[in-house]
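Below is one structure, written out as structure tokens; the observations come after it.
Note that the coordinates shown come from a computational prediction; the quantities given were computed from them, not determined experimentally. We number each residue from 1, following the sequence as shown.
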Amino acid sequence: ELIFRAQHKLRDLIEDHWRGGVAVIAAGLLGTLIYGVSANKKIEAQEAAVTMIAQLDRSMPPVSDLSLQGIFPLDEPSDERRTERLEAIAERYEAHASETEGAAGAASWNRSGAIWLRLNSYDRAESAFSNALDEGGLYSIAAYNGLATTAVAQGDMAGAIAYLTEISDGDFGSMSETALMNISRVARQSGDVEAARA
């Protein structure tokens, strides 16, 4: 008798509320669909952004083996054609970064900054590297290193040490230790032997 009554109550409950149950299930399925479509679009956008970066990377002018070994500079300042090509690529990286969010955008800013640094366009290099800081992680480390290198190129040793300290004070493992070594090198270069030793 108890089982019979329970069956009747369950049947009455289903008959009274089946429309609500269907609505809840439909809402859940719709939410899942919307989330899936949104996530898929984000993935596709990041894939497209990374593809664009790879295309720009391939468009960079070649560098000789002797330049990679530090025997010759990466670029000859008197080569106007090469300089114009590098400027155009740096601007394309910046345009891409402005339209892209997340890691791909930060990567584009860092690449642009590196090119402007090669061309001794320090203001533009600093601007590009600064834009990459918001992403955090490895992208911020690369940006701080770029900013430090830009500061050293302009003779601002204190500024370079401040940028490197952002890395050394962070929880970045061996990269924080490397930043300490770089701070020592910059301090020694500026003549502050005590700071270098510390």
Side-chain angles (χ1 to χ4, degrees), residues 53 56-57 60-80 82-98 100-198:
I53 291 173
L56 289 171
D57 288 347
M60 287 288 288
V63 177
S64 71
D65 291 337
L66 294 176
S67 295
L68 292 174
Q69 294 173 25
I71 297 172
F72 292 116
L74 291 175
D75 308 292
E76 174 55 52
S78 62
D79 189 343
E80 293 182 7
R82 183 182 179 90
T83 298
E84 289 173 0
R85 183 176 174 187
L86 286 169
E87 287 175 349
I89 295 170
E91 287 170 353
R92 287 180 66 193
Y93 274 125
E94 287 184 349
H96 179 257
S98 299
T100 308
E101 296 179 356
S108 289
W109 282 122
N110 278 330
R111 282 168 166 79
S112 173
I115 295 174
W116 291 122
L117 184 57
R118 281 171 62 169
L119 296 173
N120 301 326
S121 297
Y122 301 126
D123 288 343
R124 295 196 73 169
E126 188 174 344
S127 175
F129 286 129
S130 296
N131 282 321
L133 291 175
D134 293 336
E135 182 61 23
L138 293 175
Y139 299 99
S140 290
I141 293 172
Y144 278 124
N145 277 318
L147 287 166
T149 305
T150 304
V152 169
Q154 298 176 91
D156 181 11
M157 301 304 181
I161 289 173
Y163 288 129
L164 291 169
T165 301
E166 292 290 336
I167 305 172
S168 67
D169 286 350
D171 186 18
F172 301 118
S174 62
M175 292 184 182
S176 294
E177 303 301 321
T178 301
L180 285 173
M181 297 297 293
N182 288 332
I183 290 171
S184 176
R185 179 177 54 80
V186 173
R188 189 170 64 250
Q189 190 175 341
S190 66
D192 191 345
V193 178
E194 289 302 318
R197 184 177 292 116

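Of all the heavy atoms in G170 and S176, the pair that sits closest is O-OG, 2.9 Å. Closest of all the heavy-atom pairs between R111 and Y93 is CD-CE2, 3.4 Å. The shortest non-hydrogen separation linking A132 to A106 is CB-O, 3.7 Å. Nearest heavy-atom pair, E135 versus S140, reported as atom, atom and distance to 0.1 Å: C-OG, 4.2 Å. Nearest heavy atoms, A125 versus L117: CB-N, 3.8 Å. Shortest non-hydrogen contact noted between I167 and M175 is CG2-O, 3.7 Å.
Distance check, rounded to the nearest 0.5 Å: OH of Y163 to OG1 of T149 gives 11.5 Å. Here CG of D156 is found 11.0 Å from CG of L147. Values are rounded to the nearest 0.5 Å. Atoms CD1 and OG, on I161 and S168 in that order, are 10.0 Å from each other to the nearest 0.5 Å. How far CE of M181 is from CG of L164: 12.5 Å, rounded to the nearest 0.5 Å. From D134, atom CG reaches atom CD of E101 across 11.5 Å, with rounding to the nearest 0.5 Å. Atom CZ of R118 and atom OG1 of T83 lie 10.0 Å apart (nearest 0.5 Å).
Residues that satisfy the side chain to side chain donor-acceptor pair (under 3.5 Å) test with E94, not counting sequence neighbours, are S112, W116, R124. Legend: residues meeting side chain to side chain donor-acceptor pair (under 3.5 Å) with R188, ordered by chain and number and at least two apart, are absent. With sequence neighbours excluded, no residue forms a side chain to side chain donor-acceptor pair (under 3.5 Å) with Y144.
Proximity of a side-chain donor or acceptor of N110 to a complementary backbone N or O of Y139 within less than 3.5 Å is detected. Checking side-chain atoms of Q154 against main-chain N and O of T150 turns up a donor-acceptor pair under 3.5 Å. Listed for the S190 side chain is a donor-acceptor partner under 3.5 Å among the backbone atoms of A187.
Within a 6.0 Å sphere centred on CZ of R85, other residues, nucleotides and ligands contribute more than 12 heavy atoms.
Within the 4.5 Å cutoff, the side chain of E166 has no heavy atoms near those of the L133 side chain.
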Q. Checking side-chain contact (heavy atoms from CB on, under 4.5 Å) for the pair F129/N131: CA distance, chi angles, key distance, verdict?
A. CA-CA 5 Å; F129 286 129; N131 282 321; over 6 Å; no

